[in-house]
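Since the structure comes first, as structure tokens, the remarks are kept for the end.
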Amino acid sequence: MRKVILYSAVSLDGFIAGPDHDMDWLEKPEYTLKDEHFGFKDLCERCDTSLCGNGTLEVVTQLTDEFPFPTERSVVFTRTPGRSFKGIEFVTDDVVDYTRKLLNEPGKDIWLVGGSQINGQLLDAGLIDELILTIIPTVLSGGVPLFAGNQKPADFQLVSTKDYSNGFVILTYHKR
């Protein structure tokens with residue numbers, strides 16, 4: 001059965017973006033390690049679908065000129081019907097209902113890119129099976145949290161850690 005995997009960079013104080021949704025804190029030259037992709041290539045091999053919100057797509061497309069999500073199918077949840085972007089499927093359906101439908105279709109795992117609202121909704125619904133969090137050694141003191149909304153309690157078990165010379169630590173958790 002398919003799994004939903006939340007793969008995200010997170011500051012030491014639990015934020016995925018700065019106060020103005022900025023991501024420049026991830027682009028420090030000292031964070032770059034030659035030929036290191038921090039598990040991203042492995043994730044792409046496991047997943048054939050990516051999910052994110054429209055706000056996350058806007059931020060990501062400002063960071064790169066390349067197609068932002070290297071999965072066979074890219075789904076962006078939006079409240080604005082009729083949006084288009086090459087290679088992306090925009091949907092106005094309920095996030096939880098649509099994700100449940102995807103989980104019942106054949107395919108590989110699903111990469112939850114985020115936004116905090118979508119992360120929170122899927123966590124509340126019990127649909128996040130795995131968390132792969134890259135902890136970035138910085139404190140933002142405000143911004144966009146990993147999970148927004150009123151999350152129900154959820155338990156995860158740490159299954160692996162990996163640390164890097166640039167101070168990053170990748171924590172992988174499975175849902176209990």
Side-chain angles (χ1 to χ4, degrees), residues 3-47 49-71 74-77 88 95 99 109-124 127-151 153-176:
K3 294 180 188 175
V4 173
I5 302 167
L6 173 56
Y7 174 92
S8 184
V10 183
S11 68
L12 287 172
D13 50 351
F15 296 103
I16 58 174
D20 296 319
H21 297 270
D22 59 293
M23 302 291 290
D24 57 341
W25 56 282
L26 292 171
E27 302 296 321
K28 293 180 181 178
E30 62 266 28
Y31 289 163
T32 303
L33 297 177
K34 186 178 185 207
D35 299 324
E36 182 57 61
H37 302 288
F38 306 105
F40 185 69
K41 283 187 175 184
D42 294 335
L43 177 80
C44 290
E45 289 175 14
R46 290 179 59 190
C47 298
T49 303
S50 60
L51 303 177
C52 78
N54 193 55
T56 299
L57 175 66
E58 295 298 323
V59 170
V60 170
T61 54
Q62 290 174 10
L63 296 174
T64 181
D65 294 331
E66 298 176 20
F67 185 73
F69 311 118
T71 51
S74 296
V75 177
V76 174
F77 295 100
I88 293 181
V95 171
T99 303
D109 290 336
I110 299 166
W111 170 29
L112 175 56
V113 179
S116 68
Q117 291 178 15
I118 289 172
N119 295 351
Q121 290 175 45
L122 294 179
L123 182 69
D124 277 349
L127 295 179
I128 298 177
D129 300 294
E130 185 173 337
L131 301 169
I132 302 173
L133 304 176
T134 302
I135 308 302
I136 310 299
T138 193
V139 174
L140 296 178
S141 298
V144 179
L146 179 60
F147 300 104
N150 299 320
Q151 290 82 47
D155 291 322
F156 289 84
Q157 178 178 356
L158 180 66
V159 294
S160 71
T161 62
K162 185 168 183 183
D163 62 294
Y164 296 87
S165 62
N166 64 355
F168 287 15
V169 177
I170 296 181
L171 305 172
T172 302
Y173 295 90
H174 290 172
K175 181 169 62 174
R176 286 184 188 216

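Start at 1 with the first residue, then count along the sequence.
- Legend: salt bridge (Lys or Arg N to Asp or Glu O under 4.0 Å) pairs involving residues 163-176, not counting sequence neighbours, sorted by first then second residue: Asp129-Lys175.
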Using distance only, find each side-chain donor-acceptor pair of residues 116-124 under 3.5 Å and give its atom names and separation, not counting sequence neighbours.
from   : atom 1 : to     : atom 2 : distance (Å)
Asn119 : ND2    : Gly115 : O      : 3.4
Asn119 : ND2    : Leu146 : O      : 2.9
Asp124 : OD1    : Lys152 : N      : 2.5

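- Residues forming a side chain to side chain contact (heavy atoms under 4.5 Å, CB included) with Thr32 (at least two apart in sequence, or on another chain): none.
- Looking only at side-chain heavy atoms (C-beta outward), Lys3 and Ile128 stay at 4.5 Å or farther from each other.
- Contact record, Ile5 with Cys47: CD1-SG, 4.1 Å, taken as the closest heavy-atom pair.
- Counting heavy atoms from C-beta outward, Val10 and Phe15 have side chains that stay 4.5 Å or more apart.
- Applying the side-chain hydrogen bond (donor to acceptor under 3.5 Å, both in side chains) test to every pair with at least one member in residues 9-18, sequence neighbours left out, gives these pairs: Ser11-Asp13.
- For Thr99, there are no side-chain hydrogen bond (donor to acceptor under 3.5 Å, both in side chains) partners at least two apart in sequence or on another chain.
- Closest of all the heavy-atom pairs between Leu127 and Val4 is O-CB, 3.1 Å.
- Between Glu130 and Arg46 there is a salt bridge, since at least one side-chain N of the basic residue sits less than 4.0 Å from a carboxylate O of the acidic one.
- Evaluation of the side-chain hydrogen bond (donor to acceptor under 3.5 Å, both in side chains) test over residues 164-174, restricted to residues two or more places apart or in two chains, returns Ser160-Thr172.
- Every residue meeting the ring pair (Phe, Tyr, Trp, His ring centres under 6.0 Å) condition with Tyr31, not counting sequence neighbours, appears here in chain and number order: Phe168.
- Across all their heavy atoms, Leu6 and Val113 have their closest contact at CD1-O, 4.4 Å.
- Phe156 is linked by a ring pair (Phe, Tyr, Trp, His ring centres under 6.0 Å) to nothing, counting only residues two or more places apart in sequence or in another chain.
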